[in-house]
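Numbers here are sequence positions counted from 1.
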Amino acid sequence: MPEKKPPTIAPAAAVSIPTRISLPQEWPFRLAGNIFFLALICALASAIITIKTNLIGRKLTDLSTEFYNYTSHIGFKLDDIVVSGRHKTSKEDLKNILQLNRESNILTLDLQDIKLKLEQLPWIRKAEVSRHYFPNILQINLEEREVESIWQINNQFHPIDRDGHVINAPFSSPRPILLIVGEGAPENIPQLMQIISTDKEIFSRIKVANFISGRRWNLILDNIENGITIKLPAQDIEQAWKKLVKLNTSQGLLKRKLTIIDLRFPNKVIVKLGKMTKEERERLKEVKESLM
């Protein structure tokens, strides 16, 4: 057999090894980053300059001034001020608060600000402000405070309204009015008034309400000097008052010559007698026995 020759192995192709390495092209990204950074700096600088010089604010102010000047020129000047509900508030006080004239532009009026200023005046409890056009009128509706009592403190007298608000203004009452005395009396008088005004007959006889030690009330009837003193409790005033009304209705208690009626105790009424005849004492004795 012929002898087999070993297979011929072709020489391996020569491998080309690169001698140069190409890096990624990063300059476009760097350029974009630099541009963004410069734009951010410019924006911040512009904002700082605008804030410091108030360019936008001044421009808006100039535009609004031109607008209001133009509207005044075409007829939006204030024609009149109409006020309703004014009885105690003086015209001078209103003028000083409003500071308006016929050259005022009705569009520039801040109605909420006017309302708040008006309600700072001593006699004004509530104000409603509105504007109307052609004619250009500022309408003001006032609700003034009504005096319910006079507060005596440190030898001074202050009018008090139904909410217990101290009215810092001169006042002279055309009719007899309740005098309240004591520290903290104005804040506590609304609750008392709500209770004692339920009986008109007794209420009309009350001359003084004295707030004792910031806790409770003494009421003086008929005469400040030598009238009947009603001592109310610190708690359950309404129940004590109902008891007094019932006794007066059924027994005529307040028709007696008494100096003190003490209602501070829940289960009894203590009375102190004034000068009275024998017959009056006998009648009062019957009343006291009915209370036992």
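Shortest non-hydrogen contact noted between Ile177 and Ser173 is CB-OG, 4.1 Å. Across every non-hydrogen atom of His158 and Ile153, the tightest pair is CD2-CG2, 3.8 Å. Nearest approach of Arg102 to Asp80, heavy atoms of both residues: NH1-N, 4.3 Å. Shortest non-hydrogen contact noted between Asn223 and Lys207 is N-CG, 4.2 Å. Contact record, Gln194 with Ser197: O-OG, 3.6 Å, taken as the closest heavy-atom pair. Shown here for Glu119 and Lys126, the closest heavy-atom pair between the two residues is OE2-CA, 3.6 Å.
Side-chain contact check for Asp110 and Gln112: no donor-acceptor pair (N or O, by modelled atom type) lies under 3.5 Å. A side-chain N or O of Ser84 and one of Asn141 form a donor-acceptor pair less than 3.5 Å apart.
Using modelled atom types, one side-chain atom of Ser204 and one backbone atom of Lys200 make a donor-acceptor pair closer than 3.5 Å. For Trp217 (side chain) and Ile189 (main-chain N/O), no donor-acceptor pair under 3.5 Å exists by modelled atom type. Counting only distance, with no hydrogens or angles, the side chain of Asn154 and the backbone of Gln156 share no donor-acceptor pair below 3.5 Å. Side-chain atoms of Asn136 come within 3.5 Å of backbone N or O of Lys77 as a donor-acceptor pair. Checking side-chain atoms of Gln99 against main-chain N and O of Asn96 turns up a donor-acceptor pair under 3.5 Å. Put simply, the side chain of Lys268 never gets that close to the backbone of Phe265: no donor and acceptor are under 3.5 Å apart. Judged by distance alone, the side chain of Lys115 and the main-chain N or O of Ala127 form a donor-acceptor pair under 3.5 Å.
Placement of Ile220 and Ile180 in two distinct hydrophobic clusters is found when ILVMFWY residues are connected by side-chain heavy-atom separations under 4.5 Å, directly or transitively. Connection of Leu78 to Ile137 is not established within any shared hydrophobic cluster, with ILVMFWY side chains joined at heavy-atom distances below 4.5 Å, either directly or through further cluster members. When the side chains of ILVMFWY residues are joined at heavy-atom separations under 4.5 Å, either directly or via intervening members, Ile195 and Leu253 end up in a single hydrophobic cluster. Hydrophobic clustering (side-chain heavy atoms under 4.5 Å, transitive across Ile, Leu, Val, Met, Phe, Trp, Tyr) groups Ile261 together with Ile237. Using a 4.5 Å cut-off between side-chain heavy atoms of Ile, Leu, Val, Met, Phe, Trp and Tyr, with links allowed through other members, Ile224 and Ile228 fall into different hydrophobic clusters.
No side-chain heavy atom of Thr229 sits less than 4.5 Å from a side-chain heavy atom of Asn210. Two residues are said to be in side-chain contact when any heavy atoms from C-beta on lie closer than 4.5 Å; Lys246 and Gln251 fail this criterion. The closest side-chain heavy-atom distance from Leu109 to Arg131 is below 4.5 Å. For the pair Leu138 and Leu100, the minimum side-chain heavy-atom distance is below 4.5 Å. Leu221 places a side-chain heavy atom less than 4.5 Å from the side chain of Ile202. The side-chain heavy atoms of Phe157 and Leu179, taken from C-beta on, include a pair separated by under 4.5 Å. The closest side-chain heavy-atom distance from Trp151 to Phe211 is not below 4.5 Å. Two residues are said to be in side-chain contact when any heavy atoms from C-beta on lie closer than 4.5 Å; Leu142 and Ile140 meet this criterion.
Once rounded to the nearest 0.5 Å, the distance linking CG of Leu232 with CG of Leu244 reads 8.0 Å. Rounded to the nearest 0.5 Å, atoms CE (Met193) and CD1 (Ile206) are 8.5 Å apart. Here Arg145 contributes atom CZ and Thr89 contributes atom OG1; the two are 10.0 Å apart, rounded to the nearest 0.5 Å. To the nearest 0.5 Å, atoms CG (Asp93) and NZ (Lys95) are separated by 11.5 Å. Rounding to the nearest 0.5 angstrom, the gap separating the CG atom in Asn248 from the CZ atom in Arg256 is 9.5 Å. One distance of note links CG of Leu107 with OH of Tyr133; it measures 5.0 Å at 0.5 Å rounding.
Around atom NZ of Lys117, no more than 12 heavy atoms belonging to other residues, nucleotides or ligands sit under 6.0 Å away. The environment of Arg215 atom CZ is sparse: at most 12 non-hydrogen atoms of other residues, nucleotides or ligands sit within 6.0 angstrom. Enclosure of atom CD in Gln139 by more than 12 non-hydrogen atoms of other residues, nucleotides or ligands within 6.0 angstrom is indicated.
With respect to Arg205 and Glu201, no salt bridge is recorded, no charged nitrogen being found less than 4.0 Å from a carboxylate O. Taking a cutoff of 4.0 Å between a charged side-chain nitrogen and a carboxylate oxygen, Arg162 and Glu148 do not qualify as a salt bridge. A salt bridge does not link Asp262 to Lys272: none of the charged nitrogens lies less than 4.0 Å from a carboxylate oxygen.
Remark: of the listed residues Glu143, Glu146, Glu144, Glu143 is the sole one forming a salt bridge (charged side-chain N to carboxylate O under 4.0 Å, His left out) with Arg125. Remark: of the listed residues Ile167, Asp161, Ile160, Ile167 is the sole one forming a side-chain contact (heavy atoms from CB on, under 4.5 Å) with Val147.
The aromatic rings of Phe171 and Trp123 sit tilted relative to each other, their planes meeting at an angle between 30° and 60°.
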Original post:
Do Leu98 and Ile81 pass the side chain to side chain contact (heavy atoms under 4.5 Å, CB included) test, and can you show the C-alpha distance, the side-chain angles, and the key distance before you say yes or no?
Top reply: CA-CA 10 Å; Leu98 296 175; Ile81 301 173; 4.1 Å; yes
